[in-house]
Q: 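The structure is given below, and queries will be raised subsequently.
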Protein chains: 2
Amino acid sequence: MLKLSRLTDYGVVVLTRMGAAPSMRQSAPELAHRTGLAEPTVAKVLKILAGAGLVEGVRGARGGYILSRPLDAIPLSDVITAFDGPIALTACVEGGGGGCGSEEHCPVRGRWDPVNHAIRHALAGITVADLAVPAPIAFIPEADLRLAAE
Amino acid sequence: MLKLSRLTDYGVVVLTRMGAAPSMRQSAPELAHRTGLAEPTVAKVLKILAGAGLVEGVRGARGGYILSRPLDAIPLSDVITAFDGPIALTACVEGGGGGCGSEEHCPVRGRWDPVNHAIRHALAGITVADLAVPAPIAFIPEADLRLAAE
DNA sequence: TGGAAAGAGGACGGCGTTGGTCCTATTTGG
DNA sequence: CCAAATAGGACCAACGCCGTCCTCTTTCCA
């Protein structure tokens with residue numbers, strides 16, 4: 001379905017919630033309660049976000065997580081890469097590791113790269129802040145182009 | 001992985017192969033042999049392409065398939081939609097059909113739409129012809145393609 | 001006119017990936 | 001010393017995808 005994993009979606013939700021109080025340290029149970037998601041799931045999401053460097057964990061009692069950067073400095077491509085791995089629409093790309101049995105016949109070998117770059121560029125132009133802010137959706141560089149096409 | 005299904009990839013390969021001889025009627029076994037893919041798989045791919053109107057099937061003995069449009073008139077978004085369904089990165093979009101249990105808390109509800117539009121636009125701007133290998137195959141007379149497929 | 005070739009449409013099971021949960025070790029505040 | 005919270009995996013059920021196969025219909029050709 002060309003859809004991203006549910007964990008990625010949760011990641012955006014959690015990040016957005018953290019962005020509502022960027023300087024506050026918030027624990028996983030707290031965030032779980034505020035987002036309405038299950039606590040173990042939120043904990044897993046936060047671990048992945050921390051592993052990607054998007055948030056920083058503080059251990060110990062009264063610990064929690066804090067945003068490493070403001071939301072408008074986190075492009076969507078970073079979040080997606082953290083959960084889903086490199087953005088590569090097909091196996092026939094740089095990071096695909098081969099495995100295609102009919103490389104010699106394949107008439108589109110290596111030709112997917114521009115597509116992947118286009119997707120990456122589009123996702124790099126949208127930040128998590130663009131998904132969170134209620135009103136000003138005005139300045140989204142890549143999403144702004146020709147919405148009337150659909 | 002934000003990747004599209006393997007069937008979609010096969011679809012592009014088959015379409016590209018058909019584009020090498022746009023006016024020739026080609027059968028599923030033929031195309032299977034020329035692409036190196038398994039014959040039942042190619043048959044399935046062609047049925048889906050025909051259902052989406054991208055190719056037209058001709059029944060009966062000496063039947064086969066013909067491109068409905070030239071490759072440069074087939075945007076990638078059409079092919080992806082044919083195999084993977086509507087392009088919707090999350091369930092929380094128009095065609096998602098709900099199912100999200102925490103809609104009342106969700107801080108990003110409805111905000112994914114610009115992202116989806118950006119992706120759709122990026123994929124609508126690339127055609128199957130852009131993915132086809134340019135020179136070597138294009139210059140071979142159609143009659144010689146049979147030999148080239150071994 | 002009958003058989004063969006090929007598309008149309010659907011059904012089915014194997015398999016890999018994903019999601020959600022849980023367990024243990026480590027760190028830190030009270 | 002205990003409680004709270006993160007870090008890091010391990011595990012298992014559920015789902016979707018993929019490849020195959022079956023039957024029916026259509027059409028060409030001997």
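Reckoned from all heavy atoms, side chains included, excluding hydrogens, waters and symmetry mates. We name chains A, B, ... by the order of the sequence lines, and we start the count at 1 in each one.
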Q: Would you name the heavy atoms of A:Tyr65 and A:Ala50 that are closest together and state the gap between them?
A: CE2-CB, 4.1 Å
Q: Would you check if the side chain of A:His121 reaches a backbone N or O of A:His117 as a donor-acceptor pair within less than 3.5 Å?
A: no
Q: Is there a donor-acceptor pair closer than 3.5 Å between any side-chain N or O of B:Asn116 and the backbone N or O of B:Leu89?
A: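 Side chain of B:Asn116 to backbone of B:Leu89: a pair is present.
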Q: Counting N and O atoms only, with roles assigned by atom type, does the side chain of B:Arg120 sit under 3.5 Å from a partner on the main chain of B:Ile87, one being a donor and the other an acceptor?
A: yes
Q: Counting side-chain heavy atoms from C-beta on, which of C:dA8, D:dA7, C:dT21 comes nearest to A:Thr41?
A: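 Taking heavy atoms from C-beta onward, the closest nucleotide is C:dT21.
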Q: Tell me: NZ of A:Lys47 to C1' of D:dG9, nearest whole Å?
A: 8 Å
Q: To the nearest Å, give me how far apart CD (A:Glu56) and C1' (D:dT6) are.
A: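 About 14 Å, once rounded to whole Å.
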Q: Could you pull out every donor-acceptor pair under 3.5 Å between side chains of residues 52-59 of chain A and any protein atom, sequence neighbours left out?
A:
none

Q: Rounded to the nearest 0.5 Å, what's the gap from CG on B:Leu67 to CZ on B:Arg25? Could you check?
A: 13.5 Å
Q: Over all strands shown, is B:Ala43 touching base, sugar-phosphate only, or nothing at heavy-atom distances under 4.0 angstrom?
A: nothing
Q: Between the protein and nucleotides 26-28 of chain D, which nitrogen or oxygen pairs are less than 3.5 angstrom apart?
A:
from: D:dT26; atom 1: O4'; to: B:Arg59; atom 2: NH1; distance (Å): 3.1
from: D:dT26; atom 1: O2; to: B:Gly60; atom 2: N; distance (Å): 3.3
from: D:dT27; atom 1: O2; to: B:Ala61; atom 2: N; distance (Å): 3.1

Q: In whole Å, I'd like the distance from the CG atom of B:Leu54 to the P atom of C:dG7.
A: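 Going from CG in B:Leu54 over to P in C:dG7 covers 17 Å.
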Q: Rounded to whole angstroms, how far apart are OH on A:Tyr65 and C1' on C:dT28?
A: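 In whole Å, C:dT28 C1' and A:Tyr65 OH are 15 Å from each other.
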Q: Backbone N or O of A:Leu31 within a donor-acceptor pair of the A:Arg17 side chain at under 3.5 Å?
A: no
Q: Just call it for B:Gly51: base, sugar-phosphate, or nothing, with non-hydrogen atoms closer than 4.0 Å on any strand.
A: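 The residue B:Gly51 makes no contact with any strand.
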Q: Expressed as a whole number of angstroms, how long is the span from B:Leu46:CG to C:dG10:P?
A: 17 Å
Q: Are A:Leu49 and A:Ile66 connected, step by step, through hydrophobic side chains (Ile, Leu, Val, Met, Phe, Trp, Tyr) whose heavy atoms are closer than 4.5 Å?
A: no
Q: Using modelled atom types and a 3.5 Å cut-off, is there a donor and acceptor pairing between side-chain atoms of A:Asp130 and backbone atoms of A:Thr127?
A: yes
Q: Show the distances under 3.5 angstrom between N or O atoms of the protein and N or O atoms of nucleotides 16-19 of chain C.
A:
from: C:dG19; atom 1: OP1; to: A:Arg6; atom 2: N; distance (Å): 2.5

Q: Using atom CD1 of B:Ile48 as one end and atom C1' of D:dT20 as the other, report the distance to the nearest whole Å.
A: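 Distance check: B:Ile48 CD1 to D:dT20 C1' gives 14 Å.
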